[in-house]
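Here the structure is laid out as structure tokens; the discussion comes afterwards.
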Amino acid sequence: MNRGASAANTRDYLFDNYKVLLIVLVVMGHFIEPCYRNNAFLYTLKWLIVSFHMPAFIFISGYFSKRELKFSVILKKLLVPYIVYEFVYYFFYIFVLHKETGLYLLYPKFSLWYLLALFVWRAVTPLVKKCPHYLWLSAAAGLFIGCSDMADNFLSLPRILYFYPFFLAGTDFDRSVLTKLRKKSFRLLSAAAIAVFTGCILCIPVFGTLSVKVFYGRYNYDFLGQDVLTGILWRALCYAIGFAMTFAGLLLVPARKMFFSYIGTRTMAVYLFHGLTYSYLKDCTNLLKNITTVPESLLLLCGCVLLTAVYSIPQLTAFTNKVAALQFPAAAAQIGISFVHATSDSVTGFYLRTCHLLHERMTAFTWLLYRRKAHGFGPMMFLGGRF
């Protein structure tokens, strides 16, 4: 048997198929954002999607992050691509959307927070796992960050802390547990649990008044209109729902190779680039806002599935792979030293030093941005500062 056939036979299609489902839900979740309040079907779907699609994605990311990597590798594969795609989104916003924005490396654009979060999680997890009861401590951090009044998108720290327990749980997960649980009785129980949760969304009044943003992990309790105790209780419930729905999905998706399984190996390209299409439709047209009827909603969802297939073409995945293989600058050595020092204080401190070093290396480009101010684009923003 040749090597390619051997790799195909050992591939775990369960996770590929689950990632396909999740990336489709990510695309749908974004595209229905402007219109999900227009009918009960989209409203219920939005609640179902946000309750578990990112927890499940992050759990799987943790599962495939069991192997500890050198910091230089993590830097190259995650932080450098994050900066590259920040530039991509920046120029898209400026030249296509004609939207006033800036190169906010401290404030990730759209879905780029996930790359930044993966970078943090991969970098700090070996250290965190040396602490006793690290999973419970991470959950406590996720609960109490909701009490903070820091800017909700600053370094994506609120989301990084909120979703971290799912990543840690994924790194500890044993695949053999799924093999034992994927029996008919447990699968029926999982389907029933999803049906019950859907019924709760439809029938319990609180889901009609509570914001779906309770699942985002980005906003503090005050923004959500909750006092501290209520906010912590709801966030704890969100954790429970997220884990339950994640495992229900793992038990229900097919484990064999499907015609769409290949998309599961190309989710990064879909995740990164669907936001460009969404941003254009949201900011330059009224199409998404005017989806009101169920037939229109179904047509939009079909479009999301088609868009997922389009963005999973091999050329885009080849592009993301090349970006992940870029050679990082000589400043990486200094950044590595910064990371060592950061272990004695905070992740925030490490980020600030890292971004400061990157800022120094990009002075020439900053000057170009400054000069663009004279061409009618208004004051430019770079690393949070106005130029």
Side-chain angles (χ1 to χ4, degrees), residues 18-39 41-58 60-61 82 85-86 88-90 92-93 96-97 99 101 104 107-118 152-153 156 158-159 162-163 166 201 211-219 238 242 245-246 249 263-264 266-292 294 296-313 316 320:
Y18 200 18
K19 286 193 289 183
V20 175
L21 170 64
L22 294 173
I23 196 62
V24 169
L25 293 180
V26 167
V27 177
M28 287 180 177
H30 284 140
F31 274 75
I32 68 175
E33 178 70 29
C35 58
Y36 75 90
R37 297 179 184 87
N38 292 351
N39 62 60
F41 170 68
L42 288 181
Y43 189 84
T44 305
L45 180 63
K46 180 69 173 180
W47 271 95
L48 287 172
I49 289 174
V50 300
S51 68
F52 85 103
H53 73 314
M54 288 314 298
F57 238 132
I58 292 164
I60 293 175
S61 296
Y82 164 71
Y85 295 123
E86 277 286 335
V88 170
Y89 269 80
Y90 170 74
F92 182 80
Y93 283 11
V96 178
L97 303 185
K99 182 177 181 179
T101 186
Y104 310 111
Y107 297 85
K109 284 183 172 57
F110 197 62
S111 57
L112 298 183
W113 71 269
Y114 188 51
L115 283 177
L116 195 58
L118 283 176
D152 56 65
N153 201 33
S156 285
R159 278 190 284 204
Y162 171 72
F163 287 113
F166 297 103
I201 296 172
S211 172
V212 295
K213 292 180 179 180
V214 294
F215 283 103
Y216 288 12
R218 171 176 175 172
Y219 304 102
C238 290
M245 292 285 284
T246 294
I263 297 177
R266 304 175 183 180
T267 55
M268 184 57 76
V270 180
Y271 184 83
L272 291 171
F273 293 112
H274 83 277
L276 301 177
T277 302
Y278 167 73
S279 297
Y280 179 82
L281 292 177
K282 180 176 70 73
D283 293 335
C284 300
T285 75
N286 291 320
L287 177 65
L288 299 180
K289 296 177 182 177
N290 293 331
I291 302 295
T292 55
V294 172
E296 290 173 342
S297 302
L298 292 174
L299 188 60
L300 175 61
L301 299 181
C302 289
C304 291
V305 174
L306 178 61
L307 191 67
T308 301
V310 169
Y311 278 124
S312 64
I313 59 175
L316 282 179
T320 59

- Close side-chain approach of C284 to L97, heavy-atom, < 4.5 Å: yes

- Message: For the CZ atom of R218 and the NZ atom of K213, what is their distance to the nearest 0.5 Å?
- Response: 8.0 Å

- Here the pair of heavy atoms bringing G275 nearest to F110 is CA-CE2, 3.3 Å

- Query: What's the shortest heavy-atom distance between Y104 and E86, and which atoms?
  - Reply: O-OE1, 3.9 Å

- Query: Rounded to the nearest 0.5 Å, how far does CZ of F41 lie from CD1 of I32?
  - Reply: 8.0 Å

- Under 4.5 Å between any side-chain heavy atoms of M54 and F166, yes or no? no

- Query: Between OH of Y43 and OG of S297, what distance do you get to the nearest 0.5 Å?
  - Reply: 15.0 Å

- Message: Under a 3.5 Å distance rule, please check whether K46 uses its side chain to pair with a backbone N or O of G29 as donor and acceptor.
- Response: yes

- Query: Do D283 and Y93 come close enough that some side-chain heavy atom pair is under 4.5 Å?
  - Reply: no

- Side-chain touch F57/T267, heavy atoms, less than 4.5 angstrom: yes

- Task: Identify the heavy atoms of T246 and F52 that sit nearest to each other, and give their distance.
- Result: OG1-O, 4.2 Å

- Query: Nearest heavy-atom pair of Y18 and A56: which atoms, and what distance?
  - Reply: OH-CB, 3.7 Å

- Any side-chain heavy atom of N38 within less than 4.5 Å of one from E296? no

- Message: I'd like to check I58 versus Y114 (side-chain heavy atoms, cut-off strictly below 4.5 Å). Are they in contact?
- Response: yes

- Item | Straight-line distance of S111 OG to L272 CG, nearest 0.5 Å | 6.0 Å

- Message: Please verify the inter-ring angle class for F273 with Y85; under 30° counts as parallel, over 60° as perpendicular, anything in between as tilted.
- Response: perpendicular

- Between L300 and L288, is any pair of side-chain heavy atoms under 4.5 Å apart? yes

- Find the distance between OH (Y271) and OG1 (T320) and round it off to the nearest 0.5 Å. 14.0 Å

- Message: Over 60° means perpendicular and under 30° means parallel, so tell me whether Y219 and Y216 are parallel, tilted or perpendicular.
- Response: tilted

- Pair S279, Y89: side-chain N/O donor-acceptor within cut-off below 3.5 Å: no

- Query: Where do S312 and V270 come nearest, in terms of heavy atoms and distance?
  - Reply: N-CG2, 3.8 Å

- For Y162 and F215 the tightest heavy-atom approach is CE2-O, 3.7 Å

- Query: Looking at CZ of F31 and CG of L301, how far apart are the two atoms once the value is rounded to the nearest 0.5 Å?
  - Reply: 11.5 Å

- Looking at I49, L42, I23, L307, which hits side chain to side chain contact (heavy atoms under 4.5 Å, CB included) with M28? I49

- Task: Evaluate the side-chain proximity of I60 to L22: yes if any heavy-atom separation is below 4.5 Å, no if none is.
- Result: yes

